[in-house]
Amino acid sequence: MKLEHKVYEKLLQVPKGKVTTYGELAKAVGLKNGQRAIGRMMNKNPFPVIVPCHRVIMSDGKVGGYAWGEKVKTNMLSREGIEIKKGRIQNADVIFRF
DNA sequence: TTTGCGGCAGGCC
DNA sequence: CGGCCTGCCGCAA
């Protein structure tokens with residue numbers, strides 16, 4: 001099982017309306033400081049529609065980047081009921097922890 | 001608040 | 001086969 005696949009599975013555990021962070025995801029698969037690696041995996045995500053890579057944000061609450069554009073990412077999150085202001089998550093209680 | 005450097009899997013050379 | 005480069009971050013200064 002490749003690491004990236006483990007990451008995708010973890011990501012699938014995140015329920016609609018919730019999000020997680022690159023750091024949490026990294027630890028969840030056994031990496032301590034692999035946040036950037038996680039981001040790269042998401043960017044090269046072979047299943048962009050199956051894997052909700054838009055539900056992953058930065059630890060400081062900012063939405064972060066997105067292969068299809070941050071605007072798209074922000075819209076999708078809004079559609080799921082997540083409040084975003086200036087690319088920043090408003091209520092931290094929507095953050096899902098493993 | 002902004003800037004810079006660290007750490008990591010994958011893919012390319 | 002080994003090493004270099006990239007990329008949706010994180011955190012300390």
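By convention in this document, chain letters (A, B, ...) are assigned in the order of the sequence lines, proteins followed by strands, and residues within each chain are numbered from 1.
Here CZ of Arg79(A) is found 10.5 Å from NE2 of His54(A). Values are rounded to the nearest 0.5 Å.
In this structure, Met42(A) reaches the bases: a heavy-atom distance under 4.0 Å links it to at least one base atom across the strands shown. Looking at heavy-atom distances under 4.0 Å, Glu4(A) makes contact with sugar-phosphate atoms alone, never a base.
Of the residues in residues 16-36 of chain A, those with a non-hydrogen atom less than 4.0 angstrom from any atom of DNA chain B are Leu31(A), Asn33(A), Gly34(A), Arg36(A).
As a whole-Å value, the separation of His54(A) NE2 from dC8(C) P is 17 Å. Rounded to whole Å, the distance from CZ on Arg88(A) to C1' on dT1(B) is 11 Å. Atom-to-atom, CD1 of Ile38(A) to C1' of dC8(B) comes out at 9 Å; the value is rounded to the nearest Å. Computed from coordinates, the Met58(A) CE to dA12(C) C1' distance equals 16 Å when rounded to whole Å. Atom P of nucleotide dC9(C) and atom CD1 of Ile89(A) are separated by 14 Å, given to the nearest angstrom. In this structure, Met41(A) atom CE and dT6(C) atom P are separated by 18 Å, rounded to whole Å. The separation between Lys86(A) atom NZ and dT1(B) atom C1' is 17 Å, rounded to whole Å. To the nearest angstrom, C1' of dC8(C) lies 13 Å from NZ of Lys62(A).
Secondary-structure stems of DNA chain C, taken as three or more successive Watson-Crick or G-U wobble pairs (i with j, i+1 with j-1) under a 3.5 Å distance threshold, comprise B:2-6 with C:9-13, B:8-13 with C:2-7.
A salt bridge links Glu80(A) with Arg55(A): the distance from a Lys NZ or Arg NE/NH1/NH2 to an Asp or Glu carboxylate oxygen falls below 4.0 Å.
The Lys73(A) side chain lies nearest to dC8(C) when the options are dG11(B), dC8(C), dG7(C). Distance from the side chain of Cys53(A) is smallest to dC8(C) among dC8(C), dG10(B), dG7(C).
Put simply, the side chain of Leu31(A) does not reach to within 4.5 Å of the side chain of Leu25(A), judged on heavy atoms. Inter-residue side-chain proximity for Gln35(A) and Asn33(A) is flagged as met; some heavy-atom pair is nearer than 4.5 Å.
Relative to the ring axis of Phe98(A), Lys27(A) does not place its NZ or CZ within 45° and under 6.0 Å from the centre.
Between Ser59(A) and dG10(C) there is a side-chain N or O to OP1 or OP2 distance below 4.0 Å.
Under the 3.5 Å distance criterion, the side-chain polar atoms of Gln90(A) are matched with a main-chain donor or acceptor of Arg88(A). The main-chain N or O of Asp93(A) is never found under 3.5 Å from a side-chain atom of Asn91(A) such that the two would form a donor-acceptor pair. The backbone N or O of Val56(A) lies less than 3.5 Å from a partner atom in the side chain of Lys73(A), making a donor-acceptor pair.
Ring geometry, Tyr8(A) versus His5(A): the interplanar angle falls from 30° to 60°, so the pair is classed tilted.
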